[in-house]
Amino acid sequence: MKKIAIAAGALLATTCVHAIAQEMPAPSREGGYGLGRAALPEEIAAWDIDIRPDGQGLPVGSGDVWTGEELYVTLCSSCHGDFGEAVGRWPMLSGGFGTLDAEDPVKTVGSYWPYISTVWDYVHRAMPYGAAQTLTDDEVYAITAYLLYLNNVVDDDFELSNETFAEVALTNEGGFFMDDRDDVEIPEFSQEPCMSDCAENIEITMRAAVLDVTPETEEETVEQAAVTEEDAPEAPAGPDPALVAAGETVFRACAACHEIGEGARNRVGPHLNGIHGNAVAVVEGFRYSPALREAGESGMVWDDETLAAYLADPRGFIRGNRMAFQGLRSDEDIVAVIAYMQSAGAE
Amino acid sequence: MSEDREFSSSRRRFLGGAAVATGALATGKLVHAQAASPDPLITELQPWQQYLGDGVDARPYGMPSQYEAHVVRRNVEWLTADTVSSVNFTPLHEMEGIITPNGLAFERHHSGIAEIDPGLHRLMINGLVDKPLVFTMEDLMRFPRENRTYFLECAANTGMEWRGAQLNGCQFTHGMIHNVVYTGVPLRLLLEEAGVKTSAAWVLPEGADASAMTRSIPLDKALDDCLVATHMNGERLRPEQGYPIRLVVPGWEGNMWVKWLRRIEVGDQPWHHREETSKYTDLLEDGNARRFTWVMDAKSVITNPSPQAPITHGPGPTVITGVAWSGRGTIPRVDVSLDGGMNWHVARMSGPSLDKSMHRFYYEFDWDGAPLLLQSRAHDSTGYVQPTKEMLRQLRGENSIYHNNGIQTWAIDETGRAENVEVG
């Protein structure tokens, strides 16, 4: 009986192997399937934005350190810090030299990144965070130049361009090597392992509970939010729903830094619940710039007028504030987004 | 959550009688537990036995039972600055078999979830090709397609554990992985359609989201087994997994599986973009870094018991289970240790054993109620054996962040509580 079972098992195993072996790959067709259409030069130009270390892909253009600083302070510093030192857990962009073999390495553009092309490519394709691909080529050159300056790679009179690009190199270019696990690790990790009496003594050397960094499972914050909602009084007649809907789309530009609505919390910017009609710089737990605090202390209130002026030109309206936003260009967008904030942020 | 707690505590109360059976184990006789009084769940009529439930259209897209509401992906807030560029974790301790349900597959975004109407999405192939092409999603569905089950593991999975035990739960230590059946068009067919020039050696997939994710992939891999996937587990990709299309790069680190795929460029050199220089390079102790560490080494973890899923039944028959996978092949064998690696037992594999897919293992034993140090050790089809964390640290130091496939230890105390520990 046992023999039969083994034979049946062997048969089954063969059948399984067979079944897998019989699976045919999706077939190629000589000359292709004739599907898709030719990509037009304009389409390729619009999407082919990648840059290589040898400069392939770089557009004609230029930008200097000082222009870069101005742009950087406006667009990047709220997350990365004025000098690339980073705010909170956002990436640090400068410094860290000589730390790569230290206990706590600091990996920045200057200390770790191998190529300038990577900076140019990344800033251009993905930054500013929440407003990707809005920078002109010259602005990307300028911001890259400023990052090089912050990392002591160039002097303050440097202008980065498609022509000067090849003159500059980052210090850690030689700090990378091709994956060598096949040679260095695989032989060592492919030995027949010990199965019994493998050590003289085994004891616990470290416990996760000592650190206690595991997230709690309880959803207390959600429960709290639910209670607040139930207690909320009937909302008064709000702004025009169509305007609110249009404003919601505009608000996407804000949402990278600001939360609004149920459960909104402070992030890079303060949450915006109850902002409309309230004094400036009063959201609890948010560290405002001195400029905004002063505005609030002097009695400024966020109403249609002040919000519109601020959103049109944040830096011009309240000088020295840290909101990294260039402003909304269209009055329609401004009216809509104020209506949206009034509606979504109603308390 | 409170229902869950009630459920487990009543189960514990009910099983209190099991102590009788456990006592009998020592004598080798099997004695079942005795109930002191009839169970009202049996003797009394329950509401669901009496009243009508929802009709067929009440749940047009079915969701899990309300009693499973705690089975969700979770985030570790302190890890990242912001949820938009962050990661959450698959609840491995709540799962069985080898397939990750679509709603539980961990998420990793760099600029949030791109919500794309497939009618407005295009895939372009350009660079070193004879005919740069643009495909609509309808075009893609006219190519022959394949079904393959693959794991996708983030290179940073277990990355928080390099310096020692940090997080109490296999969801958090090992949950940056999912395993699903992909349906997709081989990338090879799309490249053949465009005609790859002889000087080509690399491809660059690029995403359509606001991070425009890019990675350099050798042409050989692209022509070998990469898929442009449209479906996962039989339905369209979820938005958070790259709807309408994502790249599948079997056995290689998850960051390369570009979501919301909009373009493949063919070139003769790698691009050295941000995600393959500043990130996803493995810094070693001497300050030099490995680049292009694509393959995911063999790895396993015991999912039950584990810190989020303690033993609640007391001594007696106990099931240990877990998952194992390798970027180099299948997992023919997993060993389990109850004593921190002193002695090992060959576990029982169960379920499909597929190339570069997750495997499920079990080890059943009678727990005597003494503390345990549970470990699992995967062997893959190339003969590679999962190393200890210490072996990895000796070769790599503690700062490489990525590719931590070391053996995990859970300490079980007398009450069945489990904790993430390191042993030596």
Side-chain angles (χ1 to χ4, degrees), chain A residues 25-28 32-33 35-39 43-44 47-48 50 52-53 88-90 100-101 105 107 112-115 118 121-122 125-126 132 175-181 184-186 189-191 193 195-199 202-209 211 213-215 217-219 267, chain B residues 1 74 76 80-82 124 126 131-135 139 142-146 164-169 172 186 189 192-193 204 210-212 214 263 271-274 277-278 281 283 286-293 340-344 383-385 387 395 399 411 419-424:
Chain A
S28 299
Y33 284 84
L35 296 169
R37 63 163 176 84
E43 294 172 330
I44 296 173
W47 274 10
D48 187 354
D50 46 83
R52 288 198 324 203
R89 293 192 60 82
W90 296 101
L100 295 181
D101 59 356
K107 298 191 274 186
Y112 193 61
W113 292 35
Y115 304 111
T118 312
D121 177 271
Y122 186 69
R125 76 171 52 244
F176 295 83
F177 62 97
M178 186 67 192
D179 183 8
D180 62 352
R181 282 177 295 169
V184 177
E185 297 188 356
I186 298 239
F189 297 162
S190 299
Q191 314 277 337
M195 290 300 283
S196 56
D197 300 324
C198 301
I202 286 173
E203 55 189 41
I204 293 173
T205 54
M206 187 176 184
R207 295 175 173 274
L211 266 172
V213 288
T214 310
T217 339
E218 260 66 37
E219 304 274 322
R267 299 205 329 192
Chain B
M1 290 322 292
R74 289 187 191 282
V76 176
T80 50
D82 182 27
M124 179 188 288
N126 72 309
K131 297 164 287 181
L133 292 173
V134 172
F135 300 105
D139 293 335
R142 296 175 64 193
F143 279 96
R145 47 189 183 264
E146 293 177 356
Q166 274 224 60
L167 290 161
N168 259 326
F172 305 117
L189 294 184
E192 283 171 1
E193 196 70 23
L204 182 83
S211 79
T214 44
R263 192 168 70 96
W271 283 261
H272 295 285
H273 278 181
R274 192 241 191 188
T277 53
S278 142
T281 47
L283 181 61
D286 65 0
N288 288 308
R290 282 183 182 143
R291 66 158 56 109
F292 298 145
T293 47
M342 183 81 81
N343 298 289
W344 294 89
Y384 179 100
V385 183
L395 288 171
N399 285 324
E419 189 190 346
N420 176 9
V421 301
E422 294 243 354
V423 292

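All chains are named by letter (A, B, ...) in the order of the sequence lines, taking the proteins before the strands, and each is independently numbered beginning at 1.
When the candidates A:Ile186, A:Val184, A:Asp179 are compared by the number of heavy-atom contacts under 4.5 Å with chain B, A:Asp179 comes out ahead. Note on B:His272, B:Glu192, B:Glu146: by heavy-atom pairs under 4.5 Å with chain A, the leading option is B:His272. Ranked by heavy-atom pairs under 4.5 Å with chain A, the first of B:Ala165, B:Gly164, B:Pro186, B:Ala210 is B:Ala165. Among the candidates A:Gly32, A:Ser190, A:Ala38, the residue making the largest number of heavy-atom pairs closer than 4.5 Å to chain B is A:Ser190. Among B:Ala411, B:Gly383, B:Ser278, the residue making the largest number of heavy-atom pairs under 4.5 Å with chain A is B:Ser278. Chain B forms more heavy-atom pairs under 4.5 Å with one residue of A:Asp180, A:Asp197, A:Asp101, A:Asp50 than with any other, namely A:Asp50. The most heavy-atom pairs under 4.5 Å with chain A, out of B:Asp82, B:Val76, B:Thr80, come from B:Asp82. Each of A:Pro25, A:Ala126, A:Gly175 has some count of heavy-atom pairs under 4.5 Å with chain B, and the biggest count is that of A:Gly175. Contact tally against chain A (heavy-atom pairs below 4.5 Å) for B:Ala289, B:Gly287, B:Pro132, B:Ala81: the top residue is B:Ala289. Comparing B:Val421, B:Asn399, B:Val134, B:Asp139 by heavy-atom pairs within less than 4.5 Å of chain A, the highest count is held by B:Val134. Among the candidates A:Ala132, A:Gly88, A:Gly36, the residue making the largest number of heavy-atom pairs closer than 4.5 Å to chain B is A:Gly36. The residue among A:Lys107, A:Arg181, A:Met178 with the most heavy atom pairs within less than 4.5 Å of chain B is A:Arg181.
The heavy-atom pair separating A:Trp47 from B:Arg263 by the smallest distance is O-NE, 3.3 Å. Considering all non-hydrogen atoms of both residues, A:Cys198 and B:Gly341 come closest at CB-O, 3.4 Å.
For a residue to count as touching a neighbouring chain, one of its non-hydrogen atoms must lie under 4.5 Å from one of that chain's; by this rule B:Phe172 touches chain A with the side chain only. With a 4.5 Å cut-off on non-hydrogen atoms, A:Glu43 touches chain B through its backbone and its side chain both. Contacts of B:Leu395 with chain A are made by side-chain atoms alone, with heavy-atom separations under 4.5 Å and no backbone atom involved. Looking at B:Asn126, only its side chain comes within 4.5 Å of chain A, counting heavy atoms on both sides. Contact annotation for A:Tyr115: only side-chain heavy atoms (C-beta onward) come within less than 4.5 Å of a heavy atom of chain B. Of the two parts of A:Phe177, the backbone and the side chain both hold a non-hydrogen atom closer than 4.5 Å to a non-hydrogen atom of chain B. Contacts between A:Phe176 and chain B at a heavy-atom distance below 4.5 Å involve backbone atoms as well as side-chain atoms. Heavy atoms closer than 4.5 Å to chain A are found in the side chain of B:Leu189, but not in its backbone. At a 4.5 Å heavy-atom cutoff, the contact between B:Gln166 and chain A is made by backbone and side-chain atoms alike. Looking at A:Asp121, only its side chain comes within 4.5 Å of chain B, counting heavy atoms on both sides.
Residues B:Leu283 and A:Pro105 meet the side-chain proximity criterion, which asks for heavy atoms closer than 4.5 Å. Contact annotation: the side chain of B:Phe135 never approaches that of A:Arg37 to less than 4.5 Å [non-hydrogen atoms, C-beta and beyond]. B:Asn343 is not listed as a side-chain neighbour of A:Met195, based on a closest heavy-atom distance of 4.5 Å or more. Using a 4.5 Å cut-off on side-chain heavy atoms (C-beta onward), B:Trp344 and A:Ser196 make no contact.
The main-chain N or O of A:Leu35 is found under 3.5 Å from a side-chain atom of B:Glu193 such that the two form a donor-acceptor pair. With hydrogens and angles ignored, the 3.5 Å screen pairs no side-chain donor or acceptor of A:Glu203 with any backbone N or O of B:Val423. Distance alone, capped at 3.5 Å, places no donor-acceptor pair between the A:Thr118 side chain and the B:His273 backbone.
A donor and an acceptor atom, one from each side chain of A:Tyr112 and B:Thr277, are nowhere located under 3.5 Å apart.
Scanning for salt bridge (Lys or Arg N to Asp or Glu O under 4.0 Å) contacts around B:Arg145 gives an empty result, with sequence neighbours left out.
The pair A:Glu185-B:Arg290 meets the salt-bridge criterion, since a charged nitrogen lies less than 4.0 angstrom from a carboxylate oxygen.
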